[in-house]
Protein chains: 2
Amino acid sequence: MVLHTEARPRPGRADRDHLVARLARSARHRPRPVADLDAWLDARTRANPYEITEVPFAELTGWSFAPHSGDLVHDSGRFFSVEGLHVRTDGGPVDEWWQPIIHQPDRAILGILAREIDGVLHFLLQAKMEPGNVNGMQFSPTVQSTPSNYLRTHRGARSRYVEYFLETGRGRVLVDVLQSEQGSWFRGKRNRNIVVEVTDDIEPHQDFVWLTLGQIHDLLHRPNLVNMDARTVLSCLPGHAVAADPAAPGIAAAVARSSLADDDAAWQPLLQVRNWLTANKADRTLVAHQVPLRQVRDWHCGDADIRHRSGRFFRIVGRAVRASNREVAQWRQPLLAPCGTGLVAFVVRRLGGVLHVLAHADLRPGYRDIVELGPTVQCTPDNFTGVHRPAYLDLVCSDQVQVHYDVLQSEEGGRFHHAVTRHLVVEVGPEFPATTPPDYTWVTLRQLTAMTAFSYQVNIEARSLLLCLRALT
Amino acid sequence: MVLHTEARPRPGRADRDHLVARLARSARHRPRPVADLDAWLDARTRANPYEITEVPFAELTGWSFAPHSGDLVHDSGRFFSVEGLHVRTDGGPVDEWWQPIIHQPDRAILGILAREIDGVLHFLLQAKMEPGNVNGMQFSPTVQSTPSNYLRTHRGARSRYVEYFLETGRGRVLVDVLQSEQGSWFRGKRNRNIVVEVTDDIEPHQDFVWLTLGQIHDLLHRPNLVNMDARTVLSCLPGHAVAADPAAPGIAAAVARSSLADDDAAWQPLLQVRNWLTANKADRTLVAHQVPLRQVRDWHCGDADIRHRSGRFFRIVGRAVRASNREVAQWRQPLLAPCGTGLVAFVVRRLGGVLHVLAHADLRPGYRDIVELGPTVQCTPDNFTGVHRPAYLDLVCSDQVQVHYDVLQSEEGGRFHHAVTRHLVVEVGPEFPATTPPDYTWVTLRQLTAMTAFSYQVNIEARSLLLCLRALT
């Protein structure tokens, strides 16, 4: 694999400031109405038929339970495995548990190509089917592929356009950061979120389309169209990628002002936000040990699924796939199927006239660094029907808040079966206390964006909501 | 534990720029000659007698080998343990090995108090004995303590001044970042590096002393006086903390210019440096699994030590300690004793008139994120007497380079026995190629400093050398 060592196009300072203006222009631009994009995606789905069927573990060709551990592994030793985890922690209502967890040492490339077309920055998205999707195809990054795929471990075709992210000097790097994924379902998972701007005249393959940020923002107002991988990559673009006039009234302008607000206009400077997150990372204790899957207490492995005895949390299931436009035409694989629809919510409030989100220090066993900045609320409400209701869950579902955004979005369909998360942005008024519990704090959108520039600071759910907030403009 | 939630002193932008100037003033200021500090440290050592004796594992009171795993653990389950690690990787001359490793889920606070005295910023350092030190006492952070200590798991006294780092509103936070430690000896270790500036009139306890950056830089020219923990915390101070006039000739001015150089004067912009590090983090594979210590191949556990059959790498030994100025008066503990003196070196070269260091993408099994930016050379030369000589090792020890810094510095004496590392900064001329292998790149000191602001980017050896480079001014 070739790394970047030679001299490449060097953006100067003016050029970097210019990027923010170019992103804002792209966010204002909508060359085609969103209905056209819906129709295009439908056409791609019809042109690329696929079939998903449920299969018991005994028929999950290529996969088996390892003799000693009982871990669910691929015969090649690659892709991913389902292992056991024993967790002890000092925080929260439960201080010890066992669970299955997906272990995938490979890091995927989640890469989006950018290009100026008619003076406006466009992003190359792909209509991609994943076996766990609720709805067939979704708009996905240009490349969404692990080395097992792009190095052709499965002997399939090479991922299209992957050379732009692997080879030197193919373009200008706008984003390049390793980010975590779902910390309760993946152990130590990290993907490379990368955006490369090219000047090559790339004629997109028929399953690919160039979209402006404005068009992508429109798509985010409809359920399950922009996949999780595209959302996380786009959330890492240097902020301010908002279209609204900060001087106008309403939520769009408030988002724009918060995206541009400097430290002096914020509730607290960025260094203090980082101090809060570091204190939470340092003060919480979580010790997670890998254990054989067969030793995971309270979970039952049947013929067709692995499930918790309570019926809550998630199941591990098997699926057979036949597809017409993927690197390989058919395969079988396990998927993690959450029990119930997830909910992530940002409570927002104006402080000193500037919109702030209420961030939570979110503790998960799969994070590389224990705690990341997460949404105000992040849970599967069905898991909390009795006691231990998460803080602010009842508030965000009540009529005491003003709802600015309420759309279902999908989690990654390559690993998760029908994993759908309700994304909420709700505003509270000045009666909501500005003083927070120690594991919550107020941040501006500009500060949140600044935190996404480095790894393992902002979790995937908060990054997804950040992009949805920008879509309000 | 109290976290920061209330309003605290809020530095404005001018105030932040001002900090850089205040650090530079502190670096120029030397109220007492360095010989006085030597004498003070000697006096503290005489006033605080201690005794270290070798003990076999059978007499390591409080510690034992766990029945099933053979891990070396404390009876309380706290402090740290010595476990086994099985490592597989795709890079380097060896692609699979087993080793003992220290596991310490607790994160220490490495905290330094800062205060303006007579208009000059001073830092409160402590004369501290650690059982593994080669020379008794060393200058250490104000607080260097794990929760096991400051929460008094061992029933000793509470660490002095720890309240400034645990309680809200005691001062202004100048640095607060989790950083890794030695990635071959610790598994996933991270410490909180924190500097808090206070305005309280703190009269230092007799084992503590207020020093300017200039005095600390002087101490860094003598071997084993500033301990590893103090070096890592001070390296994270916002850069430019250099005293020299950038316009003057010589290495001092070159360091100053490199510390102030903006992206346009650098070989490559910061975003490209981060792109290089992310690519190296993403493209390397390392899978480390915890295994029972008794299953670690090629290592032998005797009565008095655990050692590799080759006699190389390190040993695990036991020590009994009697001390007069520590939280507890006597204790016994294991230590990791490296076999041989370590060597870390930065090769520096002028590119476009600006001094750059040749950074290496350093892969270690104990890192939370596989690869961190490290020195050009980092090894124990005795481990490489035959083949597989690390790149540039022979160069940095040759007469083809100009030596700017060559001083022995100590690793942390609380976990390591007589661990000493030769710190080298050597300059090469224009005959040295500017084009680098893919796992090396050129960075300015300003860029290196910027990278220390976030976790797990710059390894402890590179941070230590960064501080030594600043001491050249």
Side-chain angles (χ1 to χ4, degrees), chain A residues 1-8 10-13 16 105-107 109 147 166 168 173-178 188 190-194 262-264 267-269 271-272 274-283 285-287 289-290 361 368-369 435-441 453-457, chain B residues 1-8 10-13 16 105-107 109 147 166 168 173-178 188 190-192 194 262-264 267-269 271-272 274-283 285-287 289-290 361 368-369 434-441 453-457:
Chain A
M1 200 168 309
V2 181
L3 295 175
H4 307 290
T5 54
E6 291 145 37
R8 283 177 299 162
R10 292 183 44 176
R13 175 159 302 164
R16 287 190 297 278
D106 265 8
R107 87 302 309 162
I109 287 180
L166 295 177
T168 186
V173 177
L174 305 184
V175 167
D176 188 6
V177 60
L178 295 170
R190 66 221 239 291
N191 279 332
R192 186 173 179 190
N193 289 238
I194 179 165
D262 70 15
D263 261 11
D264 296 325
W267 176 248
Q268 56 190 341
L271 189 58
Q272 197 163 319
R274 293 187 46 208
N275 177 224
W276 165 82
L277 187 61
T278 302
N280 273 283
K281 280 175 181 271
D283 289 345
T285 297
L286 183 145
V287 180
H289 275 106
Q290 187 196 340
R368 286 185 178 242
D369 202 14
T435 304
T436 58
D439 51 341
Y440 293 82
T441 203
F454 283 82
S455 305
Y456 319 137
Q457 307 297 308
Chain B
M1 203 167 307
V2 180
L3 295 176
H4 307 290
T5 53
E6 292 146 36
R8 283 178 298 164
R10 292 184 45 177
R13 176 160 300 165
R16 287 191 296 279
D106 266 7
R107 86 302 311 162
I109 288 180
L166 295 177
T168 187
V173 177
L174 305 185
V175 166
D176 188 8
V177 59
L178 295 170
R190 67 221 240 290
N191 280 331
R192 187 172 179 191
I194 180 167
D262 69 14
D263 261 10
D264 296 327
W267 176 247
Q268 57 189 342
L271 190 56
Q272 197 164 317
R274 293 186 45 206
N275 178 226
W276 164 84
L277 187 62
T278 302
N280 273 282
K281 281 175 181 272
D283 288 346
T285 297
L286 184 144
V287 180
H289 275 107
Q290 186 196 342
R368 285 187 177 240
D369 202 13
T435 304
T436 58
D439 52 339
Y440 292 82
T441 204
F454 282 81
S455 305
Y456 320 136
Q457 307 297 309

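Numbers restart at 1 for each chain; the letters A, B, ... are given by sequence-line order, proteins then strands. The analysis underlying the following values was restricted to heavy atoms, covering all of them including side chains, and did not include hydrogens, waters or symmetry mates.
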TODO: Measure B:Leu174 against the heavy atoms of chain A and call it side chain, backbone, both or neither at under 4.5 Å.
DONE: backbone
TODO: Check whether any side-chain heavy atom of B:Ile109 lies under 4.5 Å from a side-chain heavy atom of B:Leu166, and answer yes or no.
DONE: yes
Task: Contact class of B:Asp369 relative to chain A, heavy atoms under 4.5 angstrom - done: both
Task: Top contributor to chain B contacts, counting heavy-atom pairs under 4.5 Å, from A:Gln457, A:Gln290, A:Arg190, A:His289 - done: A:Arg190
Task: Validation row: B:Phe454, A:Arg274 side chains within 4.5 angstrom (heavy atoms) - done: yes
Task: Contacting moiety of B:Arg107, where chain A heavy atoms sit under 4.5 Å - done: side chain
- [ ] Taking the six-membered ring of B:Tyr456 (Phe, Tyr or Trp), confirm whether the NZ or CZ of A:Arg368 is under 6.0 Å from its centre and within 45° of its axis.
- [x] no
- [ ] Rounded to the nearest 0.5 Å, what's the gap from NZ on A:Lys281 to OG on B:Ser455? Could you check?
- [x] 6.5 Å
